[in-house]
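Just so it is clear, the structure is predicted and the values come from calculations on it, not from any experiment.
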Amino acid sequence: MRKRALLSAWLDLLLPTACVGCGRPAVSLCRACAGVVLERGWVAGVPLTTAGHYVGVLRTAVLAYKERGRLELARPLAGLLALSVDALPAAALVPVPSSPGAVRRRGGDHVLRLARRSGRLLDRPVCDALRLARPVRDGAGLSARERADNMNGALGVRYGRGAGAVPDAIVVDDIVTSGATAAEAVRALRAGGWRVRGVAAIARTPLRSPGEAMGVSSSGTSHPTGLPWA
């Protein structure tokens, strides 16, 4: 433990942490820059919660964590995910899986890593029960209909209720755009015998047109004053 603390302190000297938004020292994403807005809605017939809008600094933070190796951002981003999860009924966290290529490119499954951190914050179990049943395209640039077609039947379950005592599930992901991935995750888990209590994500992409959300609706927002990592 002492060696780990010394190593951490040494790395902080070499690579000092600063907020990706305002440059404030000692935090990788501060409360002000996170822009927390807890938004509630529905997708695939279950409650949906997100903790922010996928714009500005929060978008920068997610991309830096996901695509540029800024793993220190896992802490605040997992805190935002925990806010979303905590607004839903108690259940196991089931992360949306990444493709093998994305896992290799990013040095691990970025959503599973966030789910595990959030699970520890909230003392909830994490089950990597979902798997990719076939290859899928990168969703960037796809329309809502193309996203729905891309994800249709793309997910399966590693194990269902027949494999033992399987708890209820909350699907967790980093970003919700059209809702196609969330809806497919809900479908796959239900097909495997799970009861899905909701979907939680860090942020939601602002819609550019009314037809961009496939079965996603909003029902209210709030502005939490505290963050789990602060």
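Scanning both residues, A61 and L73, for their nearest heavy atoms gives O-CD1, 3.5 Å. The minimum heavy-atom distance linking S99 with L132 is given by the pair CA-CD1, 3.4 Å. Nearest heavy-atom pair, W194 versus A169, reported as atom, atom and distance to 0.1 Å: CE3-CB, 3.5 Å. Between A87 and L38, the shortest heavy-atom contact is CB-CD2, 4.1 Å. Across all non-hydrogen atoms, the minimal contact from L88 to A200 is CD1-CB, 3.9 Å. When all heavy atoms are compared, the tightest approach of L121 to G79 is CD1-CA, 4.0 Å.
Residues that satisfy the side chain to side chain donor-acceptor pair (under 3.5 Å) test with R70, not counting sequence neighbours, are E72. Looking at residues two or more places apart in sequence or on another chain, you find a side chain to side chain donor-acceptor pair (under 3.5 Å) between R197 and D168. Taking the salt bridge (Lys or Arg N to Asp or Glu O under 4.0 Å) definition, one finds that D109 meets it with nothing, sequence neighbours left out. Remark: A185 engages V96, L130, L155, V171 in a side-chain contact (heavy atoms from CB on, under 4.5 Å) (not counting sequence neighbours). In this view, V126 and L93, P95, L112, A115, R116 satisfy the side-chain contact (heavy atoms from CB on, under 4.5 Å) rule, not counting sequence neighbours. Judged as a side-chain contact (heavy atoms from CB on, under 4.5 Å), and not counting sequence neighbours, the contacts of P125 are A92.
Counting only distance, with no hydrogens or angles, the side chain of S84 and the backbone of I202 share no donor-acceptor pair below 3.5 Å. Side-chain atoms of T50 do not come within 3.5 Å of backbone N or O of A203 as any donor-acceptor pair. A donor-acceptor contact shorter than 3.5 Å links the side chain of S118 to the backbone of A78.
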task = Output, in order, the C-alpha distance, side-chain angles, deciding distance and verdict of side chain to side chain contact (heavy atoms under 4.5 Å, CB included) for C30 and C22.
result = CA-CA 8 Å; C30 73; C22 64; 3.8 Å; yes
request  = Assess whether side chain to side chain contact (heavy atoms under 4.5 Å, CB included) is satisfied between I175 and T205, documenting all intermediate values.
outcome  = CA-CA 7 Å; I175 306 301; T205 302; 3.5 Å; yes
ask   = Yes or no on side chain to side chain contact (heavy atoms under 4.5 Å, CB included) for V20 and C33, after CA distance, side-chain angles and deciding distance?
value = CA-CA 8 Å; V20 294; C33 289; over 6 Å; no
query = Would V172 and V85 satisfy side chain to side chain contact (heavy atoms under 4.5 Å, CB included), going step by step from the backbone distance to the final call?
reply = CA-CA 8 Å; V172 296; V85 170; 3.9 Å; yes
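For the pair E39/H53, a side-chain contact is recorded, criterion being any heavy-atom separation below 4.5 Å from C-beta on. The side-chain heavy atoms of V46 and V199, taken from C-beta on, include a pair separated by under 4.5 Å.
With rounding to the nearest 0.5 Å, the separation of CG in L58 from CG in L29 is 7.0 Å. Taking CG of D173 as the reference point, atom CG of L114 lies at 9.5 Å (rounded to 0.5 Å). Taken from OG1 in T49 to CD1 in I170, the straight-line distance is 7.5 Å, to the nearest 0.5 Å. Put simply, CZ on R75 and CG on L80 are 12.5 Å apart, with the number rounded to the nearest 0.5 Å. Note that CZ of R31 and SG of C19 are 12.0 Å apart. Values are rounded to the nearest 0.5 Å.
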Under 3.5 Å, sequence neighbours excluded: what are the donor-acceptor pairs made by side chains of residues 62-69?
unit_1, atom_1, unit_2, atom_2, d
Y65, OH, H110, O, 2.7
Y65, OH, R113, NH1, 2.9
K66, NZ, D174, OD2, 3.0
E67, OE2, R106, NE, 3.4
E67, OE2, R106, NH2, 2.7

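Evaluation of the salt bridge (charged side-chain N to carboxylate O under 4.0 Å, His left out) test over residues 84-94, restricted to residues two or more places apart or in two chains, returns D86-R124. Here salt bridge (charged side-chain N to carboxylate O under 4.0 Å, His left out) pairs that include residues 50-59, with residues two or more places apart or in two chains, number zero.
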